[in-house]
Amino acid sequence: MSGERTDAPALLAEARERVDALLAAWAERVQTIVPGRTGEGLAYAMNTPGKRVRAALVIAAYRAVGGVSPAIAAVAAAVETVHTYSLVHDDLPCMDDDDLRRGRPTIHRTFDVPTATRVGFLLVPVAGLVLAQAARDLVLPAAVLGRMGQELFQAGGIEGMVGGQWLDLEAERKTLDLDGLIAVHRGKTGALIRAACLLGGIAAEAPPSAIEGLAGYGQEVGLAFQVADDVLDATATSAQLGKTAGRDAALEKSTYVSVLGVERARAEAAALSAHAIRHLERAGVPVESLGALAQYIVTRES
Ligand code: GRG
């Protein structure tokens, strides 16, 4: 659409505004279905304020390949719901055992471990419902919904996020080489980010060449995101991050920083972001918004 801003701050602000409103409405709805503390925990999780990078990627990818409906925000909300589930479970004592997330106490600190465990699991079917509603809002054929569901839940599963997190947990107090680290990062973080980009393209019913370009872009920025996250974990404060800084070192995790050092890790993230943009160029997908988000992902300056 003409007149839309394509800089990262505007894209992220728009994603936050639209997606947060949708998630707040879903949070109210789920509380009428899920009783008591678990329903409250679900609403708390769905209303925590994320940066909404994945949502901005869905929307930017959709528009880059010609999508025009504002209802794409509902697809973005589904992706963010899967992401929120992963954060709730990632923070549990049996995983990264963290107290702070998105500038607030984690769900198991605010409620308790069984509630946070249930909340995480319940968010997965909620994401399916949000995605199905998104397809209705966008008036998409069932086959397109099927394809979006396939990409989202494959990326969220053993071949993606769960598999990567599993490798990550097994690697604590072990030293990974760069290939091992790439496998962890591509799975636990990269797969969902790649899916966000793909879902934007699929929802716009883009041609295969454009979808391939978005997939390549998403794969590179997905890895760049986790490399930049490794750098931030080592260099930023908890107040800046809204989560506990220095957690990787405390858990003796191999990261891009432990393997390459801060400066080479930063350079690697920038190189991945440049590769990402070349995938778009080769596929003839306009670079403006997605390029701005690739740049934001490695600098986190908006
Ligand atoms: C059962 C083994 C097993 C796994 C369950 C918990 C889990 C699945 C996966 C964890 C995936 C995870 C949390 C990866 C880290 C991704 C990451 C860098 C998160 C931070 O993303 P931001 O900065 O956060 O976008 P906000 O809060 O802004 O949304």
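In each ligand, atom 1 is the first atom listed, and ligand 1 is the first ligand listed. We use all heavy atoms of the structure for the numbers below, so side chains are in, but hydrogens, waters and symmetry mates are not.
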**Q** For Gln226 and ligand 1, does the shortest N/O to N/O distance drop below 3.5 Å?
**A** no

**Q** May I ask you to decide whether Glu281 forms a salt bridge with Arg278, counting only side-chain N to carboxylate O separations under 4.0 Å?
**A** no

**Q** Between Tyr256 and His185 (judged by ring centroids, cut-off 6.0 Å), do the two rings come close enough to count as a pair?
**A**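 Under 6.0 Å, so yes.
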
**Q** Atom 7 (C) of ligand 1: which protein heavy atom is closest, and how many Å away?
**A**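 Scanning the protein heavy atoms, the shortest distance from atom 7 (C) of ligand 1 goes to Gln165 CG, 3.8 Å.
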
**Q** Among protein heavy atoms, which sits nearest to atom 23 (O) of ligand 1, and what does the distance come to when rounded to 0.1 Å?
**A** Lys51 NZ, 2.5 Å

**Q** Hydrophobic cluster membership, with links at side-chain heavy-atom distances under 4.5 Å among I/L/V/M/F/W/Y: are Val259 and Val262 in one?
**A**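 Unlinked, Val259 and Val262 end up in two clusters.
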
**Q** More than 12 heavy atoms of other residues, nucleotides or ligands under 6.0 Å from CD of Glu172: yes or no?
**A**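 Enclosed: over 12 neighbouring heavy atoms sit under 6.0 Å from CD of Glu172.
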
**Q** When you measure from atom 27 (O) of ligand 1 to every protein heavy atom, which one gives the shortest distance, and what is it?
**A**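 Result: Arg102 NE, 2.8 Å.
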
**Q** Return the option from Leu241, Val124, Thr189, Leu87 holding the heavy atom at the smallest distance from atom 19 (C) of ligand 1.
**A** Leu87

**Q** Atom 6 (C) of ligand 1: which protein heavy atom is closest, and how many Å away?
**A** Ser86 O, 3.3 Å

**Q** Is Arg109 reaching over with its side chain to a backbone N or O of Thr106, donor-acceptor style, under 3.5 angstrom?
**A**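 Not confirmed, Arg109 side chain does not pair with Thr106 backbone.
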
**Q** What atoms of ligand 1 come within less than 4.0 Å of a heavy atom belonging to Asp229?
**A**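 Selected atoms, number and element: 18 (C).
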
**Q** Taking the minimum heavy-atom distance to atom 5 (C) of ligand 1, which of Trp166, Tyr85, Phe225, Phe121 ranks first?
**A**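 Heavy atom nearest to atom 5 (C) of ligand 1 belongs to Tyr85.
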
**Q** Are the aromatic ring centres of His275 and Tyr217 under 6.0 angstrom apart?
**A** no

**Q** Should one rank His89, His83, Arg54, Met95 by closest heavy-atom distance to atom 1 (C) of ligand 1, which comes out on top?
**A**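 Selected option, by shortest heavy-atom distance: Met95.
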
**Q** Run the salt-bridge test on Arg147 and Glu151 with the 4.0 Å N-O cut-off and return the result as yes or no.
**A**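 The answer is no: the pair does not qualify as a salt bridge.
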
**Q** Using a 3.5 Å cut-off on N or O atoms only, is Lys188 in polar contact with ligand 1?
**A**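 In fact, backbone or side chain, Lys188 has no N or O that close.
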
